[in-house]
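Take this structure first; my questions come after.
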Protein chains: 2
Amino acid sequence: MNSADIQSLIQLLAKLPGLGPRSGRRVALHLIKKKNTLLEPLSAALIKVAQNVRTCSVCGNLDSIDPCSICADTSRDTSICVVEEVDDLWALERTSVFRGKYHVLGGVLSALEGIGPEDLNIVSLLNRMRETSAQEVILALNATVDGLTTAHYIQEKIEPLEIKITRLAHGVPVGGELDYLDEGTLSAALRARRPM
Amino acid sequence: MNSADIQSLIQLLAKLPGLGPRSGRRVALHLIKKKNTLLEPLSAALIKVAQNVRTCSVCGNLDSIDPCSICADTSRDTSICVVEEVDDLWALERTSVFRGKYHVLGGVLSALEGIGPEDLNIVSLLNRMRETSAQEVILALNATVDGLTTAHYIQEKIEPLEIKITRLAHGVPVGGELDYLDEGTLSAALRARRPM
């Protein structure tokens with residue numbers, strides 16, 4: 001018995017990841033109450049993103065410019081960090097440790113979901129490798145079965161180009177307690193132990 | 001290192017109830033990926049709500065018309081259900097049991113938060129009581145300390161008008177197990193027991 005406008009807003013909000021009908025109603029009401037400080041800025045921000053944000057034709061990142069600000073940044077070195085999705089790129093950027101460029105695959109190989117090499121940005125990665133003089137490729141894929149399979153596939157494709165290939169270290173998360181770690185992580189951390 | 005457009009969208013999404021920086025990023029990325037099916041419809045729905053939805057001048061409900069569709073519905077009876085917020089009204093409407101009209105207080109009395117009777121829509125409620133021939137007032141406030149205080153305050157104000165005043169029943173939630181209920185609810189349910 002809500003107005004149709006509110007109803008359709010709630011239905012759309014309920015489709016967002018992590019939200020459902022109940023939280024959709026809660027968010028809708030909150031937005032209506034904070035019309036000037038939240039609802040209107042949010043609708044303006046959505047329009048801006050819809051108009052401006054595009055996929056970088058070089059690396060697959062999302063940005064308002066193409067090539068994206070990372071690809072256009074000449075102060076960055078020539079190493080390329082391969083990630084599954086844009087949010088992985090964001091996570092790595094927040095560390096401010098990596099000063100090279102990225103390549104977003106757009107997923108991982110998955111026999112189960114029928115995702116093959118042609119569905120990912122692998123050809124464009126190999127072309128980039130051949131055209132630019134990348135000094136290192138970091139395969140920063142998730143440590144899942146599909147992520148590891150994809151990393152091996154890319155490794156095989158890149159090896160003939162004789163570029164240094166690395167992957168992220170496995171080990172104890174900083175702040176983590178040994179007692180709570182799974183055996184796979186703990187044995188990986190033990191095997192890769194480092195001198196103090 | 002995201003684009004400024006994405007960054008400001010994430011910051012706004014992170015302010016929504018139940019979301020934070022991490023889920024804000026997740027929602028933003030999801031929206032960008034589903035630009036045509038989610039991002040654009042959502043921004044259109046937000047604009048429509050911002051333009052059309054207003055507070056009903058009679059009862060305090062939110063709707064695209066004023067008086068709201070409930071107040072304007074002549075098939076509804078003259079009883080008035082007093083609720084704290086619009087989401088309580090929505091919850092009661094979903095039951096389809098109540099066929100009267102509503103009055104949204106906009107909160108409850110709270111000494112702690114400094115909310116007095118003048119901050120709530122109590123005067124307009126009393127005016128409605130005097131002007132219309134309401135047969136019954138249902139005080140459907142939350143069963144919290146502040147909710148009960150507010151219900152008692154309104155009861156005292158309405159009593160001189162000699163209108164039937166009721167409140168929602170306390171008891172065992174339908175589908176609930178006795179073992180998990182607090183003692184207050186269980187003793188209320190026992191005292192208010194009904195013949196089978």
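A note on names: the letters A, B, ... follow the listed sequences, proteins ahead of strands, and every chain is numbered from 1.
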Are A:I138 and A:I154 grouped together when hydrophobic residues (ILVMFWY) are joined by side-chain heavy atoms under 4.5 angstrom apart?
-> no
Side-chain cluster (under 4.5 Å, hydrophobic types only) that B:L178 belongs to, other residues | B:V172, B:L181, B:L186
So which of B:A28, B:P17, B:A44, B:S43 has the largest heavy-atom pair count under 4.5 angstrom toward chain A?
-> B:P17
Does A:I115 belong to the same Ile/Leu/Val/Met/Phe/Trp/Tyr cluster as A:L141, with side-chain heavy atoms less than 4.5 Å apart forming each link?
-> yes
With a 4.5 angstrom heavy-atom cut-off, could you sort out which part of A:K15 is near chain B: side chain, backbone, both or neither?
-> both
Flag if over 12 foreign heavy atoms under 6.0 Å of CD, A:E159 = yes
Do any of residues 49-58 of chain B have a heavy atom less than 4.5 Å from a heavy atom of chain A, and if so, which, in residue order?
-> B:V49, B:A50, B:N52, B:V53
Choice from A:L39, A:L13, A:T37 maximising heavy atom contacts with chain B below 4.5 Å | A:L39
Partners passing salt bridge (Lys or Arg N to Asp or Glu O under 4.0 Å) against A:K33 (at least two apart in sequence or in another chain) = B:E85
Mind checking the NE2-CG spacing from B:H30 to A:L16? Nearest 0.5 Å is all I need.
-> 6.5 Å
Is there a side-chain contact between A:L19 and B:L19, using heavy atoms and a 4.5 Å cut-off?
-> yes
Could I get the full list of ring-ring contact (aromatic ring centres under 6.0 Å, His included) partners for A:F98, not counting sequence neighbours?
-> A:Y102
Could you look at A:S64 and say if it's the side chain, the backbone, both or neither that has a heavy atom under 4.5 Å from chain B?
-> both
Would a hydrophobic clustering, with Ile, Leu, Val, Met, Phe, Trp and Tyr connected at side-chain separations under 4.5 Å, put B:V86 with B:I70?
-> yes
Please check if B:L109 and B:V145 belong to a single hydrophobic cluster, counting links between Ile, Leu, Val, Met, Phe, Trp and Tyr side chain heavy atoms closer than 4.5 Å.
-> no
Given a strict heavy-atom distance threshold of 4.5 Å, which part of A:I32 is in contact with chain B: side chain, backbone, both, or neither?
-> side chain
Checking heavy atoms, do the side chain of A:I65, its backbone, both or neither come under 4.5 Å from chain B?
-> neither
Heavy atoms from other residues, nucleotides or ligands near CD of B:E156 exceed 12 (cutoff 6.0 Å) | no
Would one find more than 12 heavy atoms of other residues, nucleotides or ligands at under 6.0 Å from atom CD of B:E118?
-> yes
B:R22 CZ: over 12 foreign heavy atoms closer than 6.0 Å = no
For A:L62 and B:L29, what are the C-alpha separation, side-chain angles and deciding distance, and is it a side-chain contact (heavy atoms from CB on, under 4.5 Å)?
-> CA-CA 9 Å; A:L62 293 167; B:L29 201 60; 3.6 Å; yes
Given the rule that I, L, V, M, F, W and Y join up when any side-chain heavy atoms are under 4.5 Å apart, are A:V108 and A:V82 in one cluster?
-> no
If you tally heavy-atom pairs under 4.5 Å between each of B:C68, B:A45, B:G18 and chain A, the highest tally belongs to B:A45
Distance col, row B:R26:CZ vs A:W90:CH2, nearest 0.5 angstrom, shows 13.0 Å
Could you grab the distance from atom CD1 of A:I6 to atom CG of B:D63, nearest 0.5 Å is fine?
-> 6.5 Å
